[in-house]
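Working notes, structure below.
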Amino acid sequence: MKTRAAVAWKAGAPLTIETIEIAGPKPGEVLVEVMATGICHTDAYTLSGADPEGIFPAILGHEGAGIVREIGAGVTSLKVGDHVIPLYTPECRQCKTCLSRRSNLCTAIRATQGKGVMPDGTSRFSCDQGTVFHYMGCSTFANFTVLPEIALAKVREDAPFDKICYIGCGVTTGIGAVINTAKVWPGANVAVFGLGGIGLNVIQGARMVGADKIIGIDLNPEKVAMAKKFGMTDFINPNEVGVDKVVQAIVDLTGGGADFSFDATGNVNVMRQALECCHRGWGESIIIGVAEAGREISTRPFQLVTGRVWKGTAFGGARGRTDVPKIVDWYMEGKIEIDSLITHTMGLDDINHGFDLMHEGKSIRSVVIY
Ligand SMILES: NC(=O)c1ccc[n+]([C@@H]2O[C@H](COP(=O)([O-])OP(=O)(O)OC[C@H]3O[C@@H](n4cnc5c(N)ncnc54)[C@H](O)[C@@H]3O)[C@@H](O)[C@H]2O)c1
Ligand SMILES: [Zn+2]
Ligand SMILES: [Zn+2]
């Protein structure tokens, strides 16, 4: 069959809207009609050419929500009509990592996903010019896409696609970093570096678990109002206090250092501040931001010798098929907020505008509605 899609032909070029061929699902696969998709920084990163693992031509997009339209042979956990959120971190429940229960980094389809193809080594997308590759195993910038069964979370049917698509990446990444990776405790003091789409979700996660002080750090004072609404109690602008005084400011505010800190900027110098503002003896710093290729983090080993802990998190440590439906429930029960984070919506034809808004810092999230 055919589908409309925004195709990334090469690095650095805008997406173009095309009608391309999509093959039906093979065994273990599912055809999904994508109803809505968010535009995330990771899409922009790959499109820019800075991602060493970027493959072109490809259909980007990894933050979607949709409906199952066809299932391949052997698919048992989903049926036609089910509402689903695609998972760039699948959950097979059988690989060493899934069985360990120690990490969400399922390895079942990692090798082929990284090459832009389905587990059998081929792509379901093609056009006159040849093969078009999948992206992060999701390719939600196509109206129809194919995913392995293990890369789909089944969610309740009364949840609106144009909001819950954001749970496919940003919401789960931020809230999951707090709950799954850091395990922030009630009464903890938390520092959040970067008040964008990820940082705001870290803040609402910290509020949800009952954190005491939630200190936001950002260069852009326009982020303050929204961050306060989500639970930020204190704000530090490095341009005002001085970049080299940020750590001390956090230590002063918290009476010794943050119990937990999060980097949601992707800047390796900020990551260092985030570690060093942690409380001696136990403070944990969680890296969420994705640094540019080739960048390295550094600190004095003494920082770790004296008990600070450096960690990272992918997809908020969430096991997608298990955790994503719960986060959708939290949204529907009003425990977390999504609506005000979706600052712009558009049709597929205007998807490049969504990228522009992100680069200009004007949007928190843009969502394409099919
Ligand atoms: N680990 C994961 O699973 C995962 C998933 C999605 C996104 N990410 C990454 O998370 C990061 C944040 O994403 P986002 O969508 O929130 O981005 P964003 O651009 O919306 O927000 C970044 C914020 O950081 C602020 N900032 C930039 N440099 C700063 C500095 N030096 N000091 C203080 N603040 C600074 C900006 O003003 C902005 O408000 C990105 O690197 C993204 O690639 C990681
Ligand atoms: Zn993302
Ligand atoms: Zn697995």
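Just so you know, residue 1 is the first one in the sequence shown, and it goes up from there. These numbers come from the heavy atoms of this one structure, side chains and all, not from hydrogens, waters or symmetry mates.
Within 6.0 Å of NE2 in His353 there are 12 or fewer heavy atoms belonging to other residues, nucleotides or ligands. When the shell of 6.0 Å around CZ of Arg110 is examined, it contains 12 or fewer heavy atoms from other residues, nucleotides or ligands. For Glu333, the CD atom counts as densely surrounded, since its 6.0 Å shell holds more than 12 non-hydrogen atoms of other residues, nucleotides or ligands. Other residues, nucleotides and ligands place no more than 12 heavy atoms under 6.0 Å from the NZ atom of Lys362. Annotation: Arg280, atom CZ; neighbour count of heavy atoms from other residues, nucleotides and ligands within 6.0 Å does not exceed 12. For Glu53, the CD atom counts as loosely surrounded, since its 6.0 Å shell holds 12 or fewer non-hydrogen atoms of other residues, nucleotides or ligands. Under a cut-off of 6.0 angstrom, the local environment of CD in Glu157 is crowded, with over 12 non-hydrogen atoms contributed by other residues, nucleotides or ligands.
The shortest side-chain heavy-atom distance between Lys229 and Ser340 falls under the 4.5 Å cut-off. Between Val243 and Gln273 there is a side-chain heavy-atom pair separated by less than 4.5 Å. A heavy-atom distance below 4.5 Å is found between the side chains of Phe260 and Trp185. Within the 4.5 Å cutoff, the side chain of Ile164 has no heavy atoms near those of the His83 side chain. Residues Val171 and Trp330 are not in side-chain contact: their nearest non-hydrogen atoms beyond the backbone lie 4.5 Å or more apart. Taking 4.5 Å as the limit, every side-chain heavy atom of Phe161 sits out of range of all side-chain heavy atoms of Val34. Residues Thr112 and Lys115 fail the side-chain proximity criterion, which asks for heavy atoms closer than 4.5 Å. The shortest side-chain heavy-atom distance between Cys138 and Thr145 does not fall under the 4.5 Å cut-off.
Note: the hydrophobic cluster containing Ile179 also contains Ile198 (ILVMFWY, side chain heavy atoms under 4.5 Å, direct or indirect links). Note on Val7: it does not cluster hydrophobically with Ile55, by side-chain heavy-atom contacts below 4.5 Å among ILVMFWY residues. Hydrophobic clustering keeps Phe56 apart from Phe133 (ILVMFWY residues linked when any side-chain heavy atoms are closer than 4.5 Å, directly or through intermediates). Under the 4.5 Å side-chain contact rule for hydrophobic residues, Val209 and Ile215 do not share a cluster. Hydrophobic clustering places Tyr135 together with Phe144 (ILVMFWY residues linked when any side-chain heavy atoms are closer than 4.5 Å, directly or through intermediates).
With His62 as the partner, the side chain to side chain donor-acceptor pair (under 3.5 Å) test is satisfied by one option alone out of Thr140, Thr89, Asp43, Thr37: Asp43.
Rounded to the nearest 0.5 Å, atoms SG (Cys106) and CG (Leu87) are 10.0 Å apart. The CG atom of Asp120 lies 11.5 Å from the CD1 atom of Ile109; values are rounded to the nearest 0.5 Å. For the atom pair OG1 of Thr313 and CD1 of Ile288, the computed distance is 6.5 Å after rounding to the nearest 0.5 Å. The line from OG1 of Thr254 to CG of Asn189 is 5.5 Å long, rounded to the nearest 0.5 Å. Considering CZ of Arg308 and CZ of Arg300, their distance stands at 8.5 Å, rounded to 0.5 Å. The line from SG of Cys277 to CD of Gln303 is 10.0 Å long, rounded to the nearest 0.5 Å.
Pairing each heavy atom of Ala65 with each of Ile85, the nearest pair is CB-CG1, 4.2 Å. Nearest heavy atoms, Ala142 versus Thr3: C-OG1, 4.3 Å. Taking every heavy atom of both residues into account, Cys165 and Ala36 meet most closely at CB-O, 3.7 Å. Between Val132 and Ile59, the closest heavy-atom pair is CG1-CG1, 3.7 Å. The two atoms that bring Tyr88 and Thr173 nearest to each other are OH-OG1, 3.6 Å, heavy atoms only. The two residues Ile17 and Ile351 have their closest heavy-atom pair at CD1-CG2, 4.1 Å.
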*Go through the steps to decide whether Leu275 and Leu304 satisfy the test side chain to side chain contact (heavy atoms under 4.5 Å, CB included), and finish with yes or no.*
CA-CA 9 Å; Leu275 177 80; Leu304 305 187; 4.0 Å; yes

*Could you walk me through whether Ile250 and Phe193 pass the side chain to side chain contact (heavy atoms under 4.5 Å, CB included) check?*
CA-CA 11 Å; Ile250 295 167; Phe193 291 78; 3.6 Å; yes

*asked:* Let's go through Val30 and Leu147 carefully: what are the C-alpha distance in whole Å and the side-chain angles of both, what is the deciding distance for side chain to side chain contact (heavy atoms under 4.5 Å, CB included) to 0.1 Å, and is it a yes or a no?
replied: CA-CA 5 Å; Val30 176; Leu147 294 108; 5.5 Å; no

*Worked check of side chain to side chain contact (heavy atoms under 4.5 Å, CB included) between Asp323 and Thr172*: CA-CA 9 Å; Asp323 295 337; Thr172 304; 5.8 Å; no

_Chi angles and distances behind the salt bridge (charged side-chain N to carboxylate O under 4.0 Å, His left out) call for Asp329, Arg156_ = CA-CA 8 Å; Asp329 286 343; Arg156 56 197 277 173; 3.0 Å; yes

*Between Arg69 and Glu33, is a salt bridge (charged side-chain N to carboxylate O under 4.0 Å, His left out) present by the stated rule, with each step listed?*
CA-CA 6 Å; Arg69 292 303 184 200; Glu33 180 178 358; 2.8 Å; yes

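Proximity of a side-chain donor or acceptor of Thr343 to a complementary backbone N or O of Ile364 within less than 3.5 Å is detected. In this structure, the side chain of Arg321 engages the main chain of Glu91 through a donor-acceptor pair within 3.5 Å. The main-chain N or O of Leu47 is never found under 3.5 Å from a side-chain atom of Asp51 such that the two would form a donor-acceptor pair. Using modelled atom types, one side-chain atom of Asn104 and one backbone atom of Ala318 make a donor-acceptor pair closer than 3.5 Å. Thr233 places a side-chain N or O within 3.5 Å of a backbone atom of Ile214 that can act as its donor or acceptor partner. No donor-acceptor pair under 3.5 Å is formed between the side chain of Glu276 and the backbone N or O of Thr299. A donor-acceptor pair under 3.5 Å links the side-chain atoms of Glu63 to the main chain of Gly170, judged by distance alone.
If you check the side chains of Thr181 and Lys311, you find no donor sitting under 3.5 Å from an acceptor. Between the side chains of Arg124 and Thr122, at least one donor-acceptor pair of N or O atoms lies under 3.5 Å. Side-chain N/O atoms of Asp339 and Tyr166 include no donor and acceptor closer than 3.5 Å. When only modelled atom types and interatomic distance are considered, Ser261 and Ser285 share a side-chain donor-acceptor pair under 3.5 Å.
Applying the side-chain contact (heavy atoms from CB on, under 4.5 Å) criterion to Lys79, with sequence neighbours excluded, gives Asp82, Lys154. By the ring pair (Phe, Tyr, Trp, His ring centres under 6.0 Å) test, His279 is found to be paired with Trp282, residues two or more places apart in sequence or in another chain being considered.
With salt bridges taken as basic N to acidic carboxylate O contacts below 4.0 Å, one links Arg295 and Glu292. Ion pairing of Lys245 with Asp252 is absent here, as no side-chain N (NZ or NE/NH1/NH2) approaches a carboxylate O to less than 4.0 Å. Comment: Glu21 engages Lys2 in a salt bridge, judged by a side-chain N to carboxylate O separation of less than 4.0 angstrom.
Using bins of under 30°, 30° to 60° and over 60° for the plane-to-plane angle, the ring pair Phe125/His134 lands in the tilted bin.
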